[in-house]
Amino acid sequence: MKFIEQDIPGVFIIETQIFGDARGYFMETYRKELFDKYIGKIDFIQDNESHSKYGVLRGLHFQKGEYSQAKLVRVLKGRVLDVAVDLRKTSPTFGQHIIVELSGENKRQLYIPRGFAHGFLVLSDTTTFVYKVDNIYSPQNEVTLLYNDPQINIQWPISSENIILSEKDKQGIPFSQIEYFK
Ligand SMILES: Cc1cn([C@H]2C[C@H](O)[C@@H](COP(=O)(O)OP(=O)(O)O[C@H]3O[C@H](C)C(=O)[C@H](O)[C@H]3O)O2)c(=O)[nH]c1=O
């Protein structure tokens, strides 16, 4: 496994060796000792999976304060643009975002520490998205940051009228009004 830290400190792309043979392939998707070594102590406590069609945008979500979640995300099948926005007030990259293409082809994983809003836009017909989180699901502490907030200015490749959002995400709040992390 290769851990590649991104321009936003604490965010890593993880690339994994694929062992192909006549039957297909094998890959390790997680190894605790390597995460402890290269990223630090993380205890993932829940695995999630979602399936979405083209144009679906899930996000940008975060859980407030002590309910914040670190995430290790990847695409089983399909292709997404994955986005993480730095909401850590004291961070040198506060308000900045990273945008990474994750796919069943490139098998890249993205590690996003606590203190970020996260979401993804589906670019293939369908996508199956899986991820680990290190904190409990707390819907009453969940917030949606508006996906097209002008201050964050994410350049989504699909026009707004063709993006499919949940009712919750349609009511996302602007960056200027959210509760940042210390
Ligand atoms: C996140 C979550 C959801 N749910 C239930 C609640 C709803 O009845 C249903 C769909 O939830 P939601 O619309 O919030 O699912 P997503 O829009 O995929 O939310 C996720 O989207 C972005 C990509 C994220 O990074 C977050 O992990 C997460 O917020 O699953 C649960 O039961 N447990 C959970 O941990």
Side-chain angles (χ1 to χ4, degrees), residues 6 8 10-14 29-30 35 39 42-88 91 93 95-104 106-149 152 154-158 160 162-175 177-181:
Q6 300 302 295
I8 295 186
V11 178
F12 288 80
I13 283 182
I14 295 108
T29 54
Y30 175 68
F35 275 76
I39 296 184
I42 307 140
D43 289 317
F44 291 117
I45 59 161
Q46 180 176 313
D47 277 359
N48 296 328
E49 177 176 321
S50 66
H51 185 80
S52 313
K53 62 185 179 185
Y54 176 80
V56 163
L57 193 156
R58 292 179 185 255
L60 303 163
H61 300 158
F62 65 98
Q63 293 188 167
K64 291 187 290 194
E66 63 183 293
Y67 294 96
S68 185
Q69 295 170 314
K71 296 170 186 168
L72 176 60
V73 305
R74 67 189 173 102
V75 167
L76 273 187
K77 195 167 178 311
R79 190 161 70 91
V80 306
L81 274 186
D82 199 84
V83 174
V85 182
D86 190 350
L87 303 179
R88 302 167 301 183
S91 162
T93 52
Q96 293 182 31
H97 67 277
I98 179 166
I99 192 161
V100 179
E101 181 172 312
L102 303 177
S103 71
N106 69 27
K107 300 199 184 316
R108 279 172 146 185
Q109 300 191 69
L110 187 66
Y111 171 75
I112 304 154
R114 293 186 179 192
F116 283 72
H118 173 251
F120 63 86
L121 174 66
V122 176
L123 298 178
S124 49
D125 288 348
T126 60
T127 280
T128 302
F129 190 86
V130 291
Y131 55 110
K132 293 179 176 309
V133 294
D134 76 334
N135 206 350
I136 53 162
Y137 173 54
S138 174
Q140 61 277 25
N141 288 289
E142 194 179 50
V143 179
T144 296
L145 165 61
L146 200 56
Y147 77 100
N148 58 353
D149 183 277
I152 305 297
I154 298 167
Q155 300 302 304
W156 300 108
I158 299 180
S160 294
N162 296 321
I163 287 180
I164 302 163
L165 297 166
S166 65
E167 285 312 309
K168 174 182 73 173
D169 292 349
K170 286 175 184 168
Q171 315 301 323
I173 55 177
F175 177 70
Q177 291 172 24
I178 60 170
E179 196 181 306
Y180 309 120
F181 293 88

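Throughout, numbering of the chain's residues begins at 1 and tracks the sequence. For ligands, and for the atoms within them, numbers begin at 1 and follow the listed sequence. Predicted model, so just to flag it, every value in this text is computed and none were measured.
- The two residues Phe44 and Ala70 have their closest heavy-atom pair at CE2-O, 4.2 Å.
- Here the heavy atom of the protein found nearest to atom 35 (O) of ligand 1 is Gln46 NE2, 3.0 Å.
- Heavy-atom distances between Tyr131 and ligand 1 reach below 4.0 Å in at least one pair.
- In this structure, atom 24 (C) of ligand 1 has a protein heavy-atom contact shorter than 4.0 Å.
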Original post:
Stepwise, does the side-chain contact (heavy atoms from CB on, under 4.5 Å) test hold for Leu121 with Tyr147?
Top reply: CA-CA 10 Å; Leu121 174 66; Tyr147 77 100; over 6 Å; no

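- Residue His118 has at least one heavy-atom neighbour below 4.0 Å for each of these atoms of ligand 1: 23 (C), 24 (C), 25 (O).
- Inside a 4.0 Å radius of atom 28 (C) of ligand 1 there is at least one protein heavy atom.
- Closest protein heavy atom to atom 31 (C) of ligand 1: Tyr137 CE2, 3.5 Å.
- Inspection of the Tyr131 and Ser50 side chains reveals no N or O donor paired with an N or O acceptor under 3.5 Å.
- Evaluated for a side-chain hydrogen bond (donor to acceptor under 3.5 Å, both in side chains) with Thr128, the options Lys77, Arg74, Glu49, His51 yield exactly one hit, His51.
- Among Gln69, Gln63, Lys168, the one residue that satisfies the side-chain hydrogen bond (donor to acceptor under 3.5 Å, both in side chains) test with Glu142 is Lys168.
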Subject >> Working for side-chain contact (heavy atoms from CB on, under 4.5 Å), residues Ile158 and Tyr54 >> reply: CA-CA 10 Å; Ile158 299 180; Tyr54 176 80; 3.4 Å; yes

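- Closest to atom 18 (O) of ligand 1, if we only count protein heavy atoms, is Arg58 NH1, 2.9 Å.
- Against a heavy-atom cut-off of under 4.0 Å, Phe120 is close to the following atoms of ligand 1: 23 (C).
- Nearest heavy-atom pair, Leu146 versus Leu60, reported as atom, atom and distance to 0.1 Å: O-CD1, 4.1 Å.
- Atom 16 (P) of ligand 1 is flagged as protein-proximal [any protein heavy atom, distance under 4.0 Å].
- A distance below 6.0 Å separates the ring centres of Phe175 and Tyr180.
- Ranking protein heavy atoms by distance to atom 22 (C) of ligand 1, first place goes to His61 ND1, 3.4 Å.
- Atoms of ligand 1 found under 4.0 Å from any heavy atom of Lys71 (numbered from 1 in listed order, with element): 24 (C), 25 (O), 26 (C), 27 (O).
- Atoms of ligand 1 found under 4.0 Å from any heavy atom of Lys168 (numbered from 1 in listed order, with element): 12 (P), 13 (O), 14 (O).
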